[in-house]
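Order of appearance sets the numbers: ligands from 1, and atoms from 1 within every ligand. Note that the coordinates shown come from a computational prediction; the quantities given were computed from them, not determined experimentally.
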Amino acid sequence: MLVDEVNMDLVTLENRVTELERQLADRVSPLPPAVNDLKHDVERFRHKLETTRHLSWLNCYKELPPTCRRLQYRRRSDAKQKVVREQFLQICEDAISEEVVQCLRLSSFDSMQWSDEELLALLYFMFSDLGLIEMFKLDLVTLRNFLFQVYKNYNEVPFHNFRHCFCVAQMMYAMCIKSDLVRRIGGHEVLILLVSCICHDLDHPGYNNIYQINARTELALRYNDISPLENHHCSIAFRILELDECNIFKHMTSEEFKLVREGIIRCILATDMARHNEILAQFRDSVQQGFDEYNKTHVNLLCMVLIKVADISNEARPMDVAEPWLDRLLQEFFAQSDAEKMEGLPVTPFMDRDKITKPSSQCSFIGFVLLPLFEALGELLTELIPMMVEPVRSALEYYRRLNEAHHKNSLADASGNGSSGPPSPTKHVLKSQSSYSVRKTSITFSQHPDEEDEDMITDVSTEDEETVTEVAVSEKTLKFKISTESSRYIMPMVAPV
Ligand SMILES: Nc1nc2c(ncn2[C@@H]2O[C@H](COP(=O)(O)O)[C@@H](O)[C@H]2O)c(=O)[nH]1
Ligand SMILES: [Zn+2]
């Protein structure tokens with residue numbers, strides 16, 4: 001009875017919206033946004049009923065064909081790629097002004113002010129500035145081909161795109177310069193770190209490992225649930241390097257290549273957040289023992305920590321650079337949790353638009369995941385504290401105050417004492433440290449017009465709730481533990497009947 005009613009109501013609702021649209025279209029053009037919104041709401045409602053497994057009892061559910069479970073990869077058009085390549089090749093040998101070089105060495109560098117071809121040229125410059133071209137006799141044409149292939153193999157997803165890889169590489173470059181890492185850990189490790197940063201999220205589909213595993217995607221099946229994305233990023237990197245015209249390591253001896261390959265695999269696989277606690281604990285041990293720059297295990301741990309730090313270093317940047325990236329990350333998170341809801345999969349709590357807010361998400365991520373990692377690195381490389389640790393502490397303070405303001409507003413609203421209008425904690429809380437990005441000024445490259453991201457999240461006004469961290473959920477969902485020791489538990493023998 002209820003089932004029939006739901007179906008009938010839905011059809012009636014759709015017919016009424018269509019009729020409203022028809023009547024208004026005769027008189028008003030274009031249609032008011034409210035009509036389109038209503039139409040989309042009804043479409044979304046139907047879609048939800050048709051795709052949510054636990055609502056299948058309403059008889060609207062349609063089993064998804066396997067192809068729908070594959071992810072929609074979004075690539076740039078061939079025409080756009082061609083233009084970027086041509087322009088990159090035109091500018092890559094241009095001199096970069098001292099002013100730009102200084103900006104590139106700061107955490108306040110804002111990638112959004114630069115075009116794709118300029119970012120490629122800046123990556124190219126990093127290899128030369130760190131002395132890697134000379135040290136490893138890297139062929140320049142091959143390096144350009146390699147960088148362009150990498151660019152082509154990032155998807156146009158909101159967060160895990162080419163610009164994210166640039167940001168991670170740029171932060172690594174800044175840390176290498178600040179801590180003089182070429183001298184301290186050697187050129188090979190720095191080459192491994194830079195290449196790993198550039199390749200660490202290649203072909204990211206915008207849905208994380210939790211989704212891959214729960215949805216049993218092609219990647220999860222291929223890699224048996226063991227860091228499916230990181231294995232994929234790494235595999236794509238070495239497929240690019242297999243192309244002769246892109247193989248920047250082709251002049252290396254096989255022994256040298258083997259070491260570099262091992263290092264890159266180690267670094268990229270370390271970016272799986274499911275391994276965060278394990279890597280941090282081992283690194284802390286190495287520091288407590290007395291970090292030894294000649295101990296290979298210690299250096300490997302430092303490299304894994306360095307790439308992890310660079311990967312999640314957005315909050316070390318000034319607020320005007322960091323916040324748009326956070327909006328993009330939440331846009332990706334929400335798209336994943338929406339897909340999980342529609343497909344009847346477990347909903348990843350720290351991605352759920354009904355459970356988190358921007359401040360609540362940052363309080364738990366910075367407080368429980370980011371800051372402990374950054375502080376551990378700061379203990380060893382103390383010169384990084386002002387650049388990496390202090391701004392993160394101030395970001396945490398900022399989000400804590402924002403979170404409190406949000407809670408107070410919610411309580412006031414609930415008790416009817418709230419002022420009229422939506423709560424806007426952002427208006428009252430300012431970041432304690434006035435920090436701004438370095439503006440792009442008098443440099444060799446042309447200005448890149450600001451691109452407005454479609455569907456950008458400006459604020460997340462949902463019920464505020466303490467959320468579990470990504471590491472905790474990832475560890476629980478993803479970490480594939482196969483005991484290497486023989487099990488002490490003996491399977492009870494089934495008694496013969
Ligand atoms: N809530 C937040 N999560 C963040 C932030 N910065 C990074 N992250 C998470 O970490 C992983 C890093 O791994 P990646 O290799 O996939 O980039 C990323 O996916 C996010 O889930 C942050 O500021 N807040
Ligand atoms: Zn990343």
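The side-chain heavy atoms of Thr271 and Ile312, taken from C-beta on, include no pair separated by under 4.5 Å.
Side chains of His200 and His160: no donor on one and acceptor on the other come within 3.5 Å. No side-chain donor-acceptor contact under 3.5 Å links Gln212 and Asn209.
Looking only at protein heavy atoms, the nearest one to atom 23 (O) of ligand 1 is Gln362 NE2, 3.0 Å. In this structure, the protein non-hydrogen atom closest to atom 18 (C) of ligand 1 is His160 NE2, 4.0 Å. In terms of protein heavy atoms, atom 6 (N) of ligand 1 is closest to Phe365 CE2, 3.6 Å. The nearest heavy-atom contact from the protein to atom 15 (O) of ligand 1 is Asp311 OD2, 2.7 Å.
Looking only at distances, no side-chain donor or acceptor of Glu404 sits under 3.5 Å from a matching main-chain atom of Tyr399. Between the side chain of Thr382 and the backbone N or O of Glu379 there is no donor-acceptor pair closer than 3.5 Å.
Within ligand 1, the atoms closer than 4.0 Å to a non-hydrogen atom of His164 are 17 (O), numbered from 1 in the order shown. Set against the non-hydrogen atoms of Ser361, the atoms of ligand 1 under 4.0 Å away are 1 (N). Near His200, with a cut-off below 4.0 Å to any heavy atom, the atoms of ligand 1 are 15 (O).
In summary, His200 places an N/O/S atom under 2.8 Å from the Zn ion (ligand 2), meeting the contact criterion. With 2.8 Å as the limit, His204 does not count as an N, O or S neighbour of the Zn ion (ligand 2).
Nearest N, O or S atom of Asp201 to the Zn ion (ligand 2): atom OD2. His164 contributes atom NE2 as its closest N/O/S atom to the Zn ion (ligand 2). The name of the N, O or S atom in Asp311 nearest to the Zn ion (ligand 2) is OD1.
Using 4.0 Å as the threshold, Asp201 has a heavy atom nearer than that to some atom of ligand 1. Distances shorter than 4.0 angstrom do not occur between any heavy atom of Glu332 and any atom of ligand 1. Between Phe333 and ligand 1 there is a heavy-atom distance shorter than 4.0 Å. Residue Asn208 places no heavy atom under 4.0 Å from ligand 1.
The 12-atom threshold is exceeded at CZ of Arg222, counting heavy atoms of other residues, nucleotides or ligands nearer than 6.0 Å. More than 12 heavy atoms of other shown residues, nucleotides or ligands fall within 6.0 angstrom of atom NZ in Lys250. Atom CZ of Arg400 has 12 or fewer neighbouring heavy atoms from other residues, nucleotides or ligands inside a 6.0 Å radius.
A salt bridge links Arg184 with Glu383: the closest approach of a Lys/Arg side-chain nitrogen to an acidic carboxylate oxygen falls below 4.0 angstrom. Under 4.0 Å is where a charged nitrogen must lie from a carboxylate oxygen, and between Arg183 and Asp180 at least one such pair does.
Considering backbone and side-chain atoms together, Glu470 places an N or O closer than 3.5 Å to an N or O of ligand 1.
The aromatic rings of His164 and Phe159 are tilted relative to each other, their planes meeting at an angle between 30° and 60°.
When non-hydrogen atoms are compared, ligand 1 lies under 4.0 Å from neither the backbone nor the side chain of Ile366.
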